[in-house]
K.L.:
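This structure is in structure tokens; I'll ask about it shortly.
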Amino acid sequence: MKTAALLQALDVRVAELAQLIAPISLQRASQARFDSKLFSTHSTQLKDYLTEVQANLAQLQLSVKVGRTEQVAYIAEKLVAQIAALQREIATVKMRKNDPQPVVAENLYEKLSTHQDYERRIQIMISDRESQLSIQTTLAGQQKLQKELAALEGRLQRCRQALTRIERAIERRERGLS
């Protein structure tokens with residue numbers, strides 16, 4: 001009976017959190033809000049952290065039903081820490097509204113250079129796999145290299161699409177400044 005009462009109290013606490021988070025759930029922060037040891041979610045919105053808390057509560061309830069004592073203790077401890085962290089975050093939201101958000105100037109030329117380097121390295125990897133494929137004698141080895149080549153071709157295509165978008169953004173910026 002004691003376990004049921006504790007589960008009920010956690011359920012009520014999570015429901016209260018959901019009500020508190022609802023009005024601000026879609027507000028974005030400039031970076032992930034919590035340590036990766038506390039939450040596996042790396043979001044800038046509180047609703048995503050609430051979703052993880054709700055999932056952990058459901059996992060805790062399931063673990064209690066199944067009788068996994070060690071898992072129950074671990075999940076319960078983590079859940080309590082997550083709830084406390086969310087409550088602290090909600091309490092500081094009003095203070096953060098007054099903090100100016102840092103403006104990150106995007107250096108498109110640097111981004112272009114980085115993506116050009118990615119493209120060059122992917123092309124080298126493709127060339128390397130193609131030469132390995134030509135000397136590969138086993139079917140399994142050939143299939144493995146063909147899969148790698150297909151993945152690399154996909155990466156190259158996405159890289160080239162990103163390069164095109166960056167080049168267009170540079171053109172738009174230059175036309176706007178001229």
Side-chain angles (χ1 to χ4, degrees), residues 1-115 117-119 121-122 125 144 147-148 150-159 161-163 165-166 169:
M1 207 55 163
K2 188 176 184 181
T3 305
L6 291 173
L7 283 175
Q8 180 63 30
L10 283 173
D11 200 20
V12 168
R13 197 58 83 108
V14 171
E16 289 170 356
L17 263 180
Q19 288 178 341
L20 291 171
I21 289 174
I24 57 172
S25 66
L26 298 177
Q27 289 179 1
R28 292 191 179 274
S30 59
Q31 60 187 9
R33 295 175 182 253
F34 300 102
D35 187 80
S36 60
K37 292 179 183 171
L38 183 59
F39 286 94
S40 59
T41 301
H42 299 294
S43 177
T44 58
Q45 295 179 322
L46 286 177
K47 69 176 179 68
D48 298 324
Y49 295 100
L50 177 64
T51 301
E52 184 175 334
V53 166
Q54 290 167 332
N56 284 342
L57 178 61
Q59 181 65 40
L60 177 64
Q61 291 168 337
L62 180 66
S63 295
V64 167
K65 280 184 185 177
V66 175
R68 294 185 178 155
T69 314
E70 290 177 14
Q71 192 175 21
V72 167
Y74 172 77
I75 295 172
E77 186 177 319
K78 185 171 186 173
L79 188 60
V80 168
Q82 287 176 331
I83 291 169
L86 281 173
Q87 287 173 329
R88 283 190 305 273
E89 185 69 18
I90 292 167
T92 61
V93 165
K94 288 181 183 175
M95 290 188 296
R96 288 212 183 113
K97 282 184 182 176
N98 299 331
D99 290 347
Q101 294 295 322
V103 177
V104 178
E106 186 175 32
N107 186 343
L108 292 175
Y109 291 102
E110 190 175 304
K111 202 171 181 181
L112 180 66
S113 174
T114 302
H115 278 74
D117 186 48
Y118 292 157
E119 179 186 34
R121 288 191 284 166
I122 293 169
M125 291 183 342
K144 180 179 179 251
K147 283 182 183 178
E148 288 179 21
L152 287 170
E153 291 289 344
R155 284 176 62 190
L156 183 61
Q157 182 181 6
R158 289 188 301 277
C159 185
Q161 289 170 345
L163 280 168
R165 284 192 301 271
I166 295 166

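Below, all heavy atoms of this structure are taken into account, side chains as well, without hydrogens, waters or symmetry copies. Along the sequence shown, residues are numbered consecutively beginning with 1.
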K.L.:
Measure the spacing between CG of Leu50 and CD of Gln19 and express it to the nearest 0.5 Å.
P.N.:
11.0 Å
K.L.:
To the nearest 0.5 Å, what is the distance between CG on Leu6 and CG on Asp11?
P.N.:
12.5 Å
K.L.:
Which heavy-atom pair separates Val53 from Leu79 by the least distance, and what is that distance?
P.N.:
O-CD1, 3.5 Å
K.L.:
Do Arg13 and Gln87 touch side chain to side chain, with heavy atoms closer than 4.5 Å?
P.N.:
yes
K.L.:
Is there a side-chain contact between Gln161 and Arg158 (heavy atoms, below 4.5 Å)?
P.N.:
yes
K.L.:
Quick check for you: to the nearest 0.5 Å, what is the distance between Arg68 atom CZ and Leu60 atom CG?
P.N.:
12.5 Å
K.L.:
Less than 4.5 Å apart, side chain to side chain, heavy atoms only: is that true for Leu86 and Phe39?
P.N.:
yes
K.L.:
Work out which heavy atom in Ile21 is nearest to a heavy atom in Lys47; give both atom names and the distance.
P.N.:
CG2-N, 4.3 Å
K.L.:
Quick check: do Glu52 and Asn56 have side-chain heavy atoms less than 4.5 Å from each other?
P.N.:
yes
K.L.:
So do Leu10 and Ile83 actually touch side chain to side chain, heavy atoms under 4.5 Å?
P.N.:
yes
K.L.:
Once rounded to the nearest 0.5 Å, what's the spacing between atom CD1 of Ile75 and atom CG of Leu57?
P.N.:
10.0 Å
K.L.:
Gln71 side chain to Ser63 main-chain N or O, any donor-acceptor pair under 3.5 Å?
P.N.:
no
K.L.:
Any donor and acceptor pair, going by atom type alone, linking the side chain of Glu119 with main-chain N or O of Cys159 inside 3.5 Å?
P.N.:
no
